[in-house]
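Here's the structure, in structure tokens; my notes come after.
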Amino acid sequence: MTQDYIRQRERRTGWYLTIPAVLVLLLVYAYPIIWAFVSSLFTENLSTNLTREFSGFDNYVRLALDGRFWSSIWNTAVFTVVSLIFELGLGLGIALTLDQGFRGRGFVRTAAILPWALPTALIALAWRWIFNDQFGVWNDMLVNWFHIIPESISWLGDPFWAMVAVIAADVWKTTSFVAILLLAGLQSIPQDLYEAHAIDGASPWQSFRQITLPLIMPQILIAMLFRFALAFGIFDLVLVMTGGGPGGATEMVSLYIYDTVMRYLDFGYGAALVVVTFLILIAVVAIAGLSIAKSRTATGVE
């Protein structure tokens, strides 16, 4: 048997083994989305006494003209992109540090994952107290310790600073998760490559740019994919810290969907919001998946 035939048989066997998992995923994820799409074709709210009335694509026309929805999408995009940039930068720095040999490295690695392990609602409550305008530690440090500002600032009451505060809390919690993913990629790189590169006269920066970065690019893209999906669906952190305020400045699309369904009891329109948000998420994930596949091909990773 040729090597190509063996490889094709292994791939075919792999597909057979994944079929049960694919069926379970279709049952868990595809069925709710199909049901949400069907529900979005009906109007079911207080004006119809919570009875279903077929309305076709009226909910989607309403969605296209809904400024609050597009504002929540923009807030979600800003939160996701900015938090991803900081989490990848800080996570890579932490991963490079933890990859070095030093005393107590095992303890530091364990401690680094603690923020990710803590409950999000608890973290959000702690950061809400930190940014409190009257007795928060952040204002106390800036006013009384370092004398950077003359008086306390209402961080969560200002649209710009409220978004900054939410992003800061998310970055503090999830950077460790990104660092652990990247650390796994760093430890898979053979040290012989660095030694050979150093013999050729390469500097540490050249080794990082020519060896480390290309070889951990698949892990970087996977970390981005995970964090994008989680950040795009952020809910509890924002709900506890700001509730979407002030004035909707930190209202994410998940909070808007929650209010539409649970507060306003507009089930048909809420289903349309879910479908469109899901399609946006799938489109970005598909693009990221193609990038990961190309990266693996370029680096020779099967």
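Excluded from the calculations below are hydrogen atoms, water molecules and symmetry mates; all remaining heavy atoms, backbone and side chain alike, are included.
- The closest donor-acceptor contact from the side chain of Thr175 to the backbone of Trp172 lies at 3.5 Å or more, if one exists at all.
- The distance from atom CG of Asp259 to atom CG of Leu265, rounded to the nearest 0.5 Å, is 11.5 Å.
- Checked by atom type and distance alone, the side chain of Asn59 pairs as donor or acceptor with a backbone atom of Phe42 at under 3.5 Å.
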Kindly determine whether Val171 and Leu90 satisfy side chain to side chain contact (heavy atoms under 4.5 Å, CB included), including the steps that lead there. CA-CA 9 Å; Val171 169; Leu90 294 174; 3.8 Å; yes

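- Follow the hydrophobic side-chain contacts under 4.5 Å out from Trp35 and you never reach Leu281; the two are in separate clusters.
- Note on Leu237: it clusters hydrophobically with Val78, by side-chain heavy-atom contacts below 4.5 Å among ILVMFWY residues.
- The stretch residues 249-279 participates, sequence neighbours left out, in these ring pair (Phe, Tyr, Trp, His ring centres under 6.0 Å) pairs: Phe235-Tyr258.
- Considering every non-hydrogen atom in both Pro246 and Pro159, the closest pair reads CG-N, 3.7 Å.
- Interatomic distance, CG of Leu225 versus CD1 of Ile287, reported as 11.5 Å (0.5 Å rounding).
- Thr18 places a side-chain heavy atom less than 4.5 Å from the side chain of Trp15.
- Remark: Met163 CE to Asn75 CG distance equals 4.5 Å, nearest 0.5 Å.
- Between Pro214 and Pro218 the shortest heavy-atom distance is O-CD, 4.0 Å.
- Identified under the ring pair (Phe, Tyr, Trp, His ring centres under 6.0 Å) test for residues 62-95, with sequence neighbours left out: none.
- Heavy atoms of other residues, nucleotides or ligands lying less than 6.0 angstrom from CZ of Phe54 number more than 12.
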Residues Asp58, Glu53; criterion side chain to side chain contact (heavy atoms under 4.5 Å, CB included); working and verdict: CA-CA 11 Å; Asp58 288 353; Glu53 296 181 1; over 6 Å; no

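- Of all non-hydrogen atoms in Arg227 and Asp170, the two that sit nearest each other are NH2-OD2, 3.1 Å.
- The hydrophobic cluster containing Leu27 does not contain Ile34, counting ILVMFWY residues as joined when their side-chain heavy atoms lie under 4.5 angstrom apart, directly or transitively.
- No single ILVMFWY cluster, assembled from side-chain heavy atoms under 4.5 Å apart, contains both Ile180 and Leu114.
- In this structure, Phe57 is a member of the same hydrophobic cluster as Val275, with clusters built from ILVMFWY side-chain heavy atoms closer than 4.5 Å.
- Annotation: side chain to side chain donor-acceptor pair (under 3.5 Å) contacts involving residues 145-166, sequence neighbours excluded, comprise Asn139-Trp155, Asp140-Trp145.
- Ser176 places a side-chain N or O within donor-acceptor distance of the main-chain N or O of Ala112, the cut-off being under 3.5 Å.
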Are Thr43 and Arg62 close enough, and set up right, to give a side chain to side chain contact (heavy atoms under 4.5 Å, CB included), and what steps lead you there? CA-CA 11 Å; Thr43 298; Arg62 174 185 168 188; over 6 Å; no

Begin from the C-alpha positions of Asn49 and Thr51 and carry the test side chain to side chain donor-acceptor pair (under 3.5 Å) through to its verdict. CA-CA 5 Å; Asn49 294 321; Thr51 58; 6.0 Å; no

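- The distance from atom CG of Asp266 to atom CG of Leu273, rounded to the nearest 0.5 Å, is 8.5 Å.
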Distance-only donor-acceptor hits, side chain of residues 116-133, under 3.5 Å, sequence neighbours excluded:
residue : atom : partner : partner atom : Å
Arg128  : NH1  : Val240  : O            : 3.3
Asn132  : OD1  : Gln134  : N            : 2.9
Asn132  : OD1  : Phe135  : N            : 3.1

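- Counting all heavy atoms, side chain and backbone alike, Ser40 lies closest to Ala271 at N-CB, 3.7 Å.
- Contact record, Ser203 with Gln206: N-OE1, 2.9 Å, taken as the closest heavy-atom pair.
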List the steps and the verdict of side chain to side chain contact (heavy atoms under 4.5 Å, CB included) for Leu193 and Leu215. CA-CA 11 Å; Leu193 295 177; Leu215 291 181; 3.8 Å; yes

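- Tyr31 meets the ring-ring contact (aromatic ring centres under 6.0 Å, His included) test with no other residue; sequence neighbours excluded.
- With hydrogens and angles ignored, the 3.5 Å screen pairs no side-chain donor or acceptor of Thr277 with any backbone N or O of Val274.
- Looking at every heavy atom in both residues, Met252 comes nearest to Ile234 through CG-CG2, 3.6 Å.
- Ring pair Phe226/Phe177 is perpendicular by interplanar angle, where above 60° counts as perpendicular and below 30° as parallel.
- To the nearest 0.5 Å, atom CG of residue Leu182 and atom CD1 of residue Ile216 are 5.5 Å apart.
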Which donor-acceptor pairs under 3.5 Å do side chains of residues 93-100 form with protein atoms, sequence neighbours excluded?
residue : atom : partner : partner atom : Å
Thr97   : OG1  : Gly93   : O            : 2.9
Gln100  : NE2  : Leu96   : O            : 3.2

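- In this structure, the separation between CG on Asp236 and CG on Leu255 is 9.5 Å, given to the nearest 0.5 Å.
- The side-chain heavy atoms of Val178 and Thr174, taken from C-beta on, include no pair separated by under 4.5 Å.
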